[in-house]
Amino acid sequence: MTKYFFLFFVVFCVTSCKVAEKVSVHWEVPHITEAKLLKNIHENELQFNSLYAKKLDVSIDRNGKTDHVKAALKIERDSFIWMSLTAPLGIEIARILLTPDSIKFIDSYNKKYFFTDYRFFYDKFDIKINFDCFQNLLSNVYFDLENCGKNETDDTKFKFEKTGSDYVLSNVHRKALNRKIKKFFKKKRKNKDYTLILHKVHIDPTLFRPLKMSLEDLESDMGISVKYGNFKSFGEKMYPEDIEFNVVSDDLKIKLGLKVQKLEFDVKVTPNFRLSTKYKPLSFDK
């Protein structure tokens, strides 16, 4: 299970929510321009120096088989992301530490470790990813999911629409396939050099925070998404109580769910990362 936890982050790079305190009455989503929407998104972005989720309920579903563990999460903005997973009896089974230039993963249960940098994703999958991507995902920040960059300008031509419950920004574009994905299509007997990608973002009309961000291959059963739900106040900051990551790739379906139980902002956090000399390297080649 711990290996699948780390594999989720790898696979994620390769391939309607409700808001707390809403009253059950019918109301119309206000009209707004796209420029005003993007301005509101920027102004309502979560501001923090550190984040400490003392207690998380974590579920990992792989093709219908689900495991449940407890976890703790620490983020020091632009410095590190640390997570520890524990079994029901409180025994740590895995630990991960992300910094701007390194990735460290320990499988405590099997006494193995895996240290690398973000070039790992490019070498294995031709995908460029960085620390900011993971930080933005866990911070409920609106950004370019495909390129892992924040959308600070309106260079991308989005289709903007207002639904009965939220605002939606979407974009369909033709994307050249990298060498790794080309091999996948060749195995599936699809000789092609490009695919059509749908990039879609749902924005809450009151909080101006992302409710869902997704990338979907319109010609194949492949896609990734993150959903945020049950926003509530932790201290003076709004944060989603539920975060769900989904990866679909042909016959592989992975769902990672995080449920926040206790959360503090702007407190002192340390990564607490030690490696025993008895641990052996962990390989993801097989």
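Basis for what follows: all heavy atoms, side chains included, without hydrogens, waters or symmetry-related copies.
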(request) Decide yes or no on side chain to side chain contact (heavy atoms under 4.5 Å, CB included) for I103 and F121, but give the supporting numbers first. (result) CA-CA 11 Å; I103 299 171; F121 297 109; 3.4 Å; yes

Going from [atom1] on [X] to [atom2] on [Y], what distance comes out if it is rounded to the nearest 0.5 angstrom?
X	Y	atom1	atom2	value
L211	F208	CG	CZ	11.5 Å
N136	E45	CG	CD	7.5 Å
F231	L207	CZ	CG	6.0 Å
K200	K159	NZ	NZ	8.0 Å
I93	N110	CD1	CG	9.5 Å
I91	K70	CD1	NZ	15.5 Å

Between [X] and [Y], what is the shortest heavy-atom contact and its length?
X	Y	value
L198	S170	CD1-CB, 4.2 Å
Y279	D107	CE2-O, 4.3 Å
I96	F273	C-CE1, 4.1 Å
L85	A71	CD2-CB, 3.5 Å
P30	K162	O-CD, 3.3 Å
T270	K74	O-NZ, 3.0 Å

(request) For ring-ring contact (aromatic ring centres under 6.0 Å, His included), just list the numbers for F120 and F114, CA-CA rounded to whole Å, side-chain angles, deciding distance to a tenth of an Å, and then say yes or no. (result) CA-CA 11 Å; F120 167 79; F114 182 74; 5.2 Å; yes

Check whether any side-chain N or O of [X] sits under 3.5 Å from a backbone N or O of [Y] as a donor-acceptor pair, and report yes or no.
X	Y	answer
Q135	I81	no
R209	M238	yes
N130	P100	no

Hey, are the side chains of [X] and [Y] touching, using non-hydrogen atoms and a 4.5 Å cut-off?
X	Y	result
K237	D266	yes
K111	S276	no
I243	Y228	yes
L138	L258	yes
I60	L256	yes
D204	D166	no
R77	F48	yes
L38	L169	yes

(message) If you apply the rule side chain to side chain contact (heavy atoms under 4.5 Å, CB included), what do you find for W82 with V269, and how did you get there?
(response) CA-CA 9 Å; W82 173 96; V269 291; over 6 Å; no

According to a 4.5 Å side-chain heavy-atom criterion applied to Ile, Leu, Val, Met, Phe, Trp and Tyr, with indirect links allowed, do [X] and [Y] form part of one hydrophobic cluster?
X	Y	value
I75	F265	yes
L46	L73	yes
M83	L263	yes

(request) Step by step, work out the side chain to side chain contact (heavy atoms under 4.5 Å, CB included) result for M213 and I224. (result) CA-CA 9 Å; M213 298 188 289; I224 60 176; over 6 Å; no

(request) Could you tell me whether E264 and K54 make a salt bridge, using a distance below 4.0 angstrom between a side-chain N and a carboxylate O? (result)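 So E264 pairs with K54 through a salt bridge.
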
(message) What verdict does the side chain to side chain contact (heavy atoms under 4.5 Å, CB included) test give for N171 and I197, after you've listed the backbone C-alpha separation in whole Å, the side-chain angles of each residue and the deciding distance to 0.1 Å?
(response) CA-CA 8 Å; N171 175 45; I197 298 295; over 6 Å; no

(message) Using a 6.0 Å cut-off, check whether atom CD of E236 has over 12 heavy atoms from anything other than its own residue.
(response)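 Check fails, neighbour count at 12 or below.
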
(request) Sequence neighbours left out, what passes side chain to side chain donor-acceptor pair (under 3.5 Å) with K112? Give chain and number order. (result)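 Side chain to side chain donor-acceptor pair (under 3.5 Å) check on K112 returns nothing, list empty.
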
(message) Taking ring pair (Phe, Tyr, Trp, His ring centres under 6.0 Å) as the definition, give me every residue that meets it alongside F80, ordered by chain and number, with sequence neighbours left out.
(response) none

(request) Report the relative orientation of the aromatic rings in Y142 and F158; use parallel for angles under 30°, tilted for 30 to 60°, perpendicular for over 60°. (result)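 If you compare the ring of Y142 with that of F158, the planes turn out tilted.
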
